[in-house]
Undergrad: 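Structure below; questions to follow.
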2 protein chains.
Amino acid sequence: MVQAELKSGAIQSDDALSDRVYSAVSTLIKTQQLHGGDIIVESRLADLLGVSRTPLREALQKLEGEGLVVKNGRSFVVRAVGLAEYLQSLKVREILEGEAAGLSAGRVPAAAIARVRDNIDALLGAPVYLPAEHWQSDDEVHALVCDHSGNPVLARMIHNLRMVTRLYETLNLADRLVPDATEHLEIIEALESGDAKLARQKAQAHLRSLYKASI
Amino acid sequence: MVQAELKSGAIQSDDALSDRVYSAVSTLIKTQQLHGGDIIVESRLADLLGVSRTPLREALQKLEGEGLVVKNGRSFVVRAVGLAEYLQSLKVREILEGEAAGLSAGRVPAAAIARVRDNIDALLGAPVYLPAEHWQSDDEVHALVCDHSGNPVLARMIHNLRMVTRLYETLNLADRLVPDATEHLEIIEALESGDAKLARQKAQAHLRSLYKASI
DNA sequence: CCTCGCTCTATCGCATACAAGTTGCATGCG
DNA sequence: CGCATGCAACTTGTATGCGATAGAGCGAGG
């Protein structure tokens, strides 16, 4: 099932153990090595990660707070996000990210915009499809929108929503590469222009596009 | 500081210990027996509640997930919500609850509406001001809006936001009784009428009213 | 008088041990 | 052969002990 060692990988080793475990389990979930609905046996996972149950439980509590795992009866299970919830989340994101985009319009540093744009271009120009880079570019664009809205509460909210959104993984990511990229570029352009209304509209259009692609 | 015993009160005693601790600490915070910024010493609080550190830590992790406590360095502190964050939260709530109200318009059972309306009337007619009842009525109205929106994700989001909003406690609640009640009644009326646009507008107006009252 | 560094204690992070509840299997009886 | 009952392994909840560390207090030097 899971063969990754905790120590390996890009995990900073001077962090607290429970934080490392948190990151480890988080990526295990996001990379589908633990899939939705799996029930988590504490001792097993703890052994697998080479730690005791205490820091693991701590990590699981935190993950529960972020909605990546839920408690079913007495044990934790990896959160399974169905189509309905995915669509609901997208709907809320449409509202929130639209607002955030409007607030951020004209407030994003040119350097940040340029960097994100370069990444999108690189992604489009890549000879093969790179899922990880796709995700990262996605994160960057949405971070651009959130972090400059001047409303950290709003930003955090969107972040949490996107987290859950990711758990719904039936759609084929590769098919979304070109639509995502073009829509992202439109959002960025709107942000750059300072046209709040346009930015909001483009962000909402992007989310609606995701929505339609999943029906 | 805190003199409440864990066993006392209306806490179900057949729940898991950590759940009881969770409820206990939650109410301690919401009732200001633990005020914002207080650093929590695990062993002290655990002794106070008559449990060991383990279930207490578990409860604290959960509370961290809900935003009632945060980790400052190595120890937990009761989350202090400042004016800035409060206003930001209200702004997001304006967006979200407006949307929820629009979605709920015409979908709320008459019985539920009647019950809430009765409670508001009772509150207004009470000879003395009852803070607890004020809070509860508030909860009911907003629950009315959320629970019938058909979007549980949205509802949960609003719930979390309201949780944090409550931590900001400098405004004088009693002064808000009449404005809250009248605005709530307007929202309810709009919900009843089925006019989505009006419902959204009234909900937003309510949140903006709260905003203005706190500047 | 202020600042830097040292020590020392209170507190936290983690592991482990123990208890209680549950599930599933096997065995025996009807 | 089927069902009930009891046992056994597993899993989670809670307590506790120990090592590590941050932060306070204090003293010395600038």
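Reminder, nothing fancy here: chain letters follow the sequence lines and each chain counts from 1.
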Undergrad: To the nearest angstrom, how far is Q61(A) atom CD from dT14(D) atom C1'?
TA: 13 Å
Undergrad: Considering only NZ, NE, NH1 and NH2 on the basic side and carboxylate oxygens on the acidic side, decide whether E64(A) and K71(A) come within less than 4.0 Å.
TA: no
Undergrad: Please determine if E58(B) and R57(A) form a salt bridge, counting it only when a charged side-chain N lies under 4.0 Å from a carboxylate O.
TA: yes
Undergrad: Whole angstroms only, please: what is the CZ-C1' distance between R57(B) and dT11(C)?
TA: 10 Å
Undergrad: Give a yes/no answer on whether the side chain of T54(B) brings an N or O atom under 4.0 Å of OP1 or OP2 in dG13(D).
TA: no
Undergrad: E42(A) CD to dT14(D) P: how many Å, rounded?
TA: 11 Å
Undergrad: Please give me the minimum heavy-atom distance between A80(B) and G36(B), naming the atom from each residue.
TA: CB-C, 4.0 Å
Undergrad: Expressed as a whole number of angstroms, how long is the span from L56(A):CG to dA15(C):P?
TA: 10 Å
Undergrad: Classify the side-chain pair Y22(A)/Q61(A) by whether it contains a donor and acceptor separated by less than 3.5 Å.
TA: no
Undergrad: Assign I40(A) to base, sugar-phosphate, or nothing according to its heavy-atom contacts below 4.0 angstrom with the strands shown.
TA: sugar-phosphate
Undergrad: Can you check whether A101(A)'s main-chain N or O pairs, donor with acceptor, with S104(A)'s side chain at less than 3.5 Å?
TA: no
Undergrad: Starting at CG of L60(B) and ending at P of dT11(C), how long is that distance when rounded to a whole Å?
TA: 15 Å
Undergrad: According to salt bridge (charged side-chain N to carboxylate O under 4.0 Å, His left out), does anything in residues 152-162 of chain A pair up with another residue at least two apart or in another chain? List the pairs.
TA: D138(A)-R162(A), D139(A)-R162(A)
Undergrad: Counting only side-chain heavy atoms from C-beta out, which of dT11(D), dA15(C), dT14(D) sits nearest to P55(B)?
TA: dT14(D)
Undergrad: Between atom CG in D47(A) and atom C1' in dC10(D), what is the gap in whole Å?
TA: 13 Å
Undergrad: Using a cutoff of under 3.5 Å, can you pull out all pairs of nitrogen or oxygen atoms linking the protein to nucleotides 18-22 of chain D, with atom names and distances?
TA:
| unit_1 | atom_1 | unit_2 | atom_2 | d |
| --- | --- | --- | --- | --- |
| dT21(D) | O4' | R74(B) | NH1 | 3.2 |
| dT21(D) | O2 | R74(B) | NH2 | 3.0 |

Undergrad: Nearest of dC14(C), dT16(D), dG13(C) to any side-chain atom of K71(B)?
TA: dG13(C)
Undergrad: Give the rounded distance in Å between these two atoms: CD1 of I39(B) and C1' of dG23(D).
TA: 10 Å
Undergrad: What is the distance, rounded to the nearest whole Å, between atom CG of N72(A) and atom P of dT23(C)?
TA: 12 Å
Undergrad: Does the ring centre of H142(A) sit less than 6.0 Å away from the ring centre of H159(A)?
TA: no
